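Reading through the structure tokens given below for one structure.
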Protein chains: 4
Amino acid sequence: MDVSGIYPALTTPFAADGTVSLADVKHNIQKYNSTGVAGYVALGSTGESVMLSRKEMDEILISVKGVAGKDKKLIAGTAAESTAETIERTKRAAEVGYHVALVKTPFYYKPVYNPDVYLKHYRAVADASPIPILIYVMPLFTGVILETSTIAAIAQHPNVIGIKDSGGDVRRIGEMRNETNSSFQILTGAAPVLFPCLSMGACGAIMALASALPEKCVELYKLFTQGQHEKARDLQLQLVTASKLMVSELGIAGVKYAMDQRGYHGGLPRLPLQPLQEEQKNSLTRLLATLEPVAARA
Amino acid sequence: MDVSGIYPALTTPFAADGTVSLADVKHNIQKYNSTGVAGYVALGSTGESVMLSRKEMDEILISVKGVAGKDKKLIAGTAAESTAETIERTKRAAEVGYHVALVKTPFYYKPVYNPDVYLKHYRAVADASPIPILIYVMPLFTGVILETSTIAAIAQHPNVIGIKDSGGDVRRIGEMRNETNSSFQILTGAAPVLFPCLSMGACGAIMALASALPEKCVELYKLFTQGQHEKARDLQLQLVTASKLMVSELGIAGVKYAMDQRGYHGGLPRLPLQPLQEEQKNSLTRLLATLEPVAARA
Amino acid sequence: MDVSGIYPALTTPFAADGTVSLADVKHNIQKYNSTGVAGYVALGSTGESVMLSRKEMDEILISVKGVAGKDKKLIAGTAAESTAETIERTKRAAEVGYHVALVKTPFYYKPVYNPDVYLKHYRAVADASPIPILIYVMPLFTGVILETSTIAAIAQHPNVIGIKDSGGDVRRIGEMRNETNSSFQILTGAAPVLFPCLSMGACGAIMALASALPEKCVELYKLFTQGQHEKARDLQLQLVTASKLMVSELGIAGVKYAMDQRGYHGGLPRLPLQPLQEEQKNSLTRLLATLEPVAARA
Amino acid sequence: MDVSGIYPALTTPFAADGTVSLADVKHNIQKYNSTGVAGYVALGSTGESVMLSRKEMDEILISVKGVAGKDKKLIAGTAAESTAETIERTKRAAEVGYHVALVKTPFYYKPVYNPDVYLKHYRAVADASPIPILIYVMPLFTGVILETSTIAAIAQHPNVIGIKDSGGDVRRIGEMRNETNSSFQILTGAAPVLFPCLSMGACGAIMALASALPEKCVELYKLFTQGQHEKARDLQLQLVTASKLMVSELGIAGVKYAMDQRGYHGGLPRLPLQPLQEEQKNSLTRLLATLEPVAARA
């Protein structure tokens, strides 16, 4: 299972009454189908999965699967805090037809979650999963950073095919490259360092930024694979600026607003996540204007 | 609604097949009923609520309510990451007969959760709640510390009656005492500083330690209210040692094992939380032996 | 050597040309002599010692010693980053007539300073020192927190008589009380928790706040030793407010400005520490006005 | 003043009696002169400058200057905690003949050092300095990270020519590249991400690793400038491993021991920095053996 390439971390669109809008889910996927992305990641952090019911999750998985291009890899976020529920969600994703499960570290009881706990958790999930799994490390939201040696130990399991590392510490890409087998696939979740991560041996990325700007992310990936390092760097610098405002400062509401500006159906996030204020909308609109030429070109 | 006094943060007992054992829930409550605790807190962090389904939560709420002594205050943890689900859970707790809702800070998207977001969230929940609410700050697990000024702003709402602060920073008790009305009730969640927190103006505590050692925690509270400060200090020093091993080092598995040793039904936590190893059990057993005389006296 | 009681962490007054004003040093000490403080701490963090030359340090030590009341304990900050220079400075302080050396943890190379490094460092200094030493832990400025077990190991040395802990974590006072001999003297450096620290077994304090408000700090200490816990609490709550503005927010410039308002010679700090702005001065003046009655009463 | 290229962060060799060995200083420089390094950085963090007296610093500056190849750029670490002493040291470095001053952020009183404080400090130093200055950010040792916007503001000063950023966060290289003029020179201090930093627009590096392995660091720099990205990545991965053990785990003692193994005079660090233990020496020797072929080739 090759998971290289660029994946949007899908947002979850909500209708005016606050329920999940499956029609908008499908609209977005159909539009993404022609952008060159390698596939889709449903129910990740950007998808507000921590705010969704199990029933909503299930409907989203089915909707995305239903309209995704046949060439697209389908990855489902399946982590729960307990091992048992993580397994249950993973099996369900497999049943719906997902190719890979993205399994975030448990994190709530982090003071007692030592490396051995993580190793046992991932082995149990990988043993039980009908589909291959990716480790998912998301320090900004979870407070958990797995040591490279822990990742390398988990990576020994034949059903663990790689990692999504959203920490953005490029040094760790190098450490993982050194301490895991070359078949272990490293995806970054950090748009501002996509190019450096690829340079160090990552094979792709799962990013919120790719939900709003899929063409630009795909273009950067292609420039890298074609060895056009200077152009890649120039585009990366644009994405540093875009990601800083849209993702780091404005968060999911920013990503969704940018999607709205570009023909996707982003909409509003669930509370307590707040809608953008006028001034924030204007900043984002100005930013998108500076990026259009490249996006149009792609 | 006076919430002063000592509350065990209830653990959730599981049967051999991993399901919630409501019989054990009831056993524990019946035994606690005669210990002098002021009431019960169901579905808190110690209750592994982040690992429970909504159905399990509901059954636990009903079971605790069913056997709790008539004089006991009933507090339900009702926080979810979304405002809407928090309100839904809070209303359900009120319906079941709980007196107070304990509302933990949303935390997953903490980089964009500024003070204003917290203010709006708590106001929305307090507006909608049929019962009074307590703010719940749990930095160790959530990574979120509310500024005292934010707490003071939330405390303006007439349906917000106080806070459970598990941060253990005694200075903040003083700041809250200075910056909120004297009717704002401060409960600490930090057993190692129970006595100093009471000295600074807290009116009680909700603690994992009180699930295994309710008599000692109640005794310390009484010594304080009786002005026996030296005895209170001596007992506090014992609880520093007990809490360090049982709660900080061994976590929920430690609390549950200690409960088992003392006639409660603790059992094992849900994975990935691990059962204690033999050596850990022995340390805990030795610790409990040193504490027995006082516990017996209480 | 009994170091119980309240000690001002002395500031260093500078003349208009930026040099140390020894005349002002002496003025301040003479004024403090009648306030009930137990002694003086020269060359601590509040004394801007990291900005002083060795020659300036020496002159300050001599000046303070020259005018200190005969009943006052004299404590000198003698830490340098290297063990050898720390010993050299400690010997010099002894030679000048200081009773105790306050030895801050080395901290610059903290990633490789493990507990064993600290144990060896303190043993070497304690072995070489003609006078007893106090460990000094200052997490806010150094980033270093010694584990209680490390402190307990260092405390085995007969020439180590105690600790100044500026971390403000009251739980640690309890842990130290449990894990060290009763002769080990614990001084807090955290004014907002002076009363709780005393309640848990500290025997005094070395505080920046006591440089501007020595009478109030001494009064709180006396209220505690007289068992007047409610009055102590009320005064502590005032000091929480005072310390938050004067020390935490405004820093050394705030302490010095407050000293100026109260008849001491504070003056300006060395750059890059900035003088207060008008608005800050006004806030501080208003705060001092609310405190005057108590200070006058003391 | 072009400061591109690779600079060893010079270590300070001590004689058996603990004094600085100027003979060994000179030996090392003479050996480095033929390695392709762009110049030398004296009195940085790796040089144990926080453990040196002003006199020792002066002798080292003079010794390095005396034997450095005529083509080498000379950079002196001149930061002190106070602005005035920083200026004094900077002027002295210029007088001795150094081309550039490396000015670390003041950090001790970090709670009150806001962006404006840093801006004023750097402007004052840059105004007074006869030679151009580099900002130096060293989060691991100082706890201070300057915001990119603060760096950009400081960079407006005509006498500030760039920055040494030891934080290792590659995203920040991109941000600085976006927010400063193209003439602003960015040097990294983080060997594990040298290649990615160069890819993002850094122009060189000042590194402890280059004190022990100058040829390999220079080789990586050359591979990058020649556009040989795959070879650069492979060599970078070797340096990730080398830096992790030698610099991150073993610190200055590790760098010095590796120098000893490679014909330089490293020696022992000053206490409390500890000498390596046998097992650590063996690990390092094994590591160096795996690197020799490349080092020899260079």
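Per chain, numbering begins at 1; letters A, B, ... match sequence-line order. Keep in mind that this is a model prediction, so the values were computed, not measured.
Among C/His229, C/Glu175, C/Arg171, the residue making the largest number of heavy-atom pairs under 4.5 Å with chain B is C/His229. Chain B forms more heavy-atom pairs under 4.5 Å with one residue of C/Asn178, C/Asp169, C/Val240 than with any other, namely C/Asn178.
Looking at C/Gln185, its side chain does come within 3.5 Å of a backbone N or O of C/Met1 through a donor-acceptor pair. Looking only at distances, a side-chain donor or acceptor of B/Ser49 sits under 3.5 Å from a matching main-chain atom of B/Gly44. Proximity of a side-chain donor or acceptor of C/Gln236 to a complementary backbone N or O of C/Leu220 within less than 3.5 Å is not detected.
Shown here is B/Lys231, whose NZ atom has no more than 12 heavy atoms of other residues, nucleotides or ligands within 6.0 Å.
With a 4.5 Å cut-off on non-hydrogen atoms, C/Val170 touches chain B through its backbone and its side chain both.
Pairs passing the salt bridge (charged side-chain N to carboxylate O under 4.0 Å, His left out) check and including a residue from residues 176-195 of chain C, sequence neighbours excluded, read B/Lys244-C/Glu179.
Side-chain contact between C/Thr188 and C/Ile186 is absent, with no heavy atoms from C-beta onward closer than 4.5 Å. The side-chain heavy atoms of B/Phe184 and B/Ile151, taken from C-beta on, include a pair separated by under 4.5 Å.
The contact list for residues 134-141 of chain B toward chain C, using heavy atoms and a distance under 4.5 Å, is empty.
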